[in-house]
Amino acid sequence: MSEDSKFFLKDSDVPKQWYNLGADLKEPMSPPLNPGTKQPIGPDDLAPLFPMELIMQEVTQERYIDIPGPVLEAYSRWRSTPLVRARALEKALDTPARIYYKYEGASPSGSHKPNTALAQAFYNKEAGVKKIATETGAGQWGTALSYAGAVFGIEIKVFMVRVSYDQKPYRRAIIESYGGSVVASPSNETNSGRAILEKDPNSSGSLGIAISEAAEVAATNDDTKYALGSVLNHVLMHQSIIGQEALLQMEMANDYPDIVIGCTGGGSNFSGLCNPFLGKKFRGEQDVHAIAVEPSSCPSLTKGKYSYDFGDTLKSAPLLKMHTLGSDFMPSPTHVGGLRYHGMSPMLSHLVHNGHMEPRAYGQKECLEAGIQFARTEGIMPAPEATHAIKGAVDEALKCKAEGKSKAILFNLCGHGHFDMQAYMDYFSGNLAEDKFDTEAFEESMASIPAVN
Ligand SMILES: *Cc1c(COP(=O)(O)O)cnc(C)c1O
């Protein structure tokens with residue numbers, strides 16, 4: 001075991017390839033289906049939304065994909081991100097466990113999102129695209145894509161979920177500083193937005209609605225494409241730079257994680273860290289236990305159904321086989337904007353369904369408490385989403401203490417919380433809303449899941 005607490009890679013040692021877990025999966029994944037015909041979709045079905053290179057990455061069976069030079073160059077502004085041994089937290093917990101975190105908040109926009117934003121902006125630029133429309137929940141994705149648009153010279157239009165738009169004015173200012181434009185969703189600018197507003201003028205919005213709006217803008221404008229910040233295979237693959245680095249950094253630490261933990265909204269930051277380790281497991285090289293943590297207010301992995309469902313609220317997107325709460329599900333307006341999605345990445349869902357990953361749900365209060373303990377020991381103010389991973393790691397470390405076992409625990413600290421402090425303010429003023437999970441709305445929404453064989 002290394003005596004050091006921080007592990008960085010030299011620029012020249014930062015991995016130059018993304019890793020695709022698809023190449024090492026034992027069980028085949030179910031393909032996306034056309035929502036009308038219920039037949040598997042082909043590349044042409046996605047062409048109005050994405051450049052062809054990204055569509056091919058969505059279905060590739062290659063294990064490694066070369067990262068293009070301009071993307072590597074953009075990464076080099078902050079990668080590698082630090083791998084840190086959380087010795088102060090270990091001490092506070094009085095645990096024999098060795099806790100490590102990978103700090104993706106060290107990126108320009110403060111989360112893991114630029115890893116894929118830069119890649120997607122690059123491939124769109126190569127394809128001659130002028131403008132990208134997208135959605136954002138917590139604001140991190142809109143921020144990262146706006147930065148990527150600035151780097152590669154593409155106009156960015158962000159539909160921001162209403163509740164975040166109102167809660168996070170500083171996010172809007174960052175998006176605009178990077179050159180993106182942002183509007184609250186549901187908006188009056190699209191048919192899908194207007195339809196929602198007609199039914200509920202005070203709608204707090206959802207990722208599903210914002211996705212519908214952005215995809216509509218892309219589908220109806222020739223020079224405009226759409227970009228998704230999570231869920232899809234190519235996004236997870238771009239995020240694998242996190243785990244590719246962590247493999248090398250754990251080697252520098254002369255250690256290997258028994259447990260890998262992350263929070264899951266659409267599944268991209270956790271898959272990014274976890275998939276290279278799972279690949280080693282599937283290839284019979286080294287075992288690992290993966291734990292995916294979600295909020296109890298939006299528990300797609302722990303309460304949802306593993307079924308084909310729409311990724312958007314308009315029900316026009318391809319059907320994805322995933323853990324879903326139903327595309328009509330409106331999660332209560334909690335502070336974990338990035339985790340308020342009714343569905344989940346098909347690849348991560350596939351792993352949970354086949355028993356390769358343990359899903360777990362926690363309430364936002366207990367997570368914020370773990371986040372505050374982390375801030376008081378390690379010094380970093382975590383994003384509310386990231387506190388779910390911290391809570392998972394703390395629980396595992398306390399389990400080690402109870403059992404007198406020393407395990408290595410690695411979690412993803414996917415972002416800092418500097419622009420998401422309202423969650424902590426509400427916590428300290430005692431105004432944190434209870435986690436609500438509306439069982440009636442949930443059952444109704446589950447009934448909206450289409451029957452597909
Ligand atoms: C977007 C985001 C998430 C949720 O998305 P994943 O695809 O599950 O990673 C979590 N944390 C932060 C900080 C985010 O920006």
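Sequential numbering from 1 along the given sequence is applied to the chain's residues. Indexing begins at 1, ligand by ligand and atom by atom, following the structure's order.
In this structure, a donor-acceptor pair under 3.5 Å is present between the side chains of Asp395 and Tyr362. Side-chain contact annotation: Thr324 with Asp309, donor-acceptor N/O pair under 3.5 Å present. Side-chain contact check for Tyr256 and Glu251: no donor-acceptor pair (N or O, by modelled atom type) lies under 3.5 Å.
For ligand 1, the 4.0 Å heavy-atom shell takes in Ser111, His112, Lys113, Gln140, Ser230, Cys263, Thr264, Gly265, Gly266, Gly267, Ser268, Asn269, Gly338, Leu339, Glu385, Cys414, ordered by chain and residue number.
For the atom pair CG (Leu21) and NZ (Lys281), the distance works out to 11.5 Å, reported to the nearest 0.5 Å.
At least one donor-acceptor pair under 3.5 Å links the side chain of Glu213 to the backbone N or O of Ser187.
By the 4.5 Å heavy-atom criterion applied to side chains, Asn124 and Leu54 are counted as neighbours.
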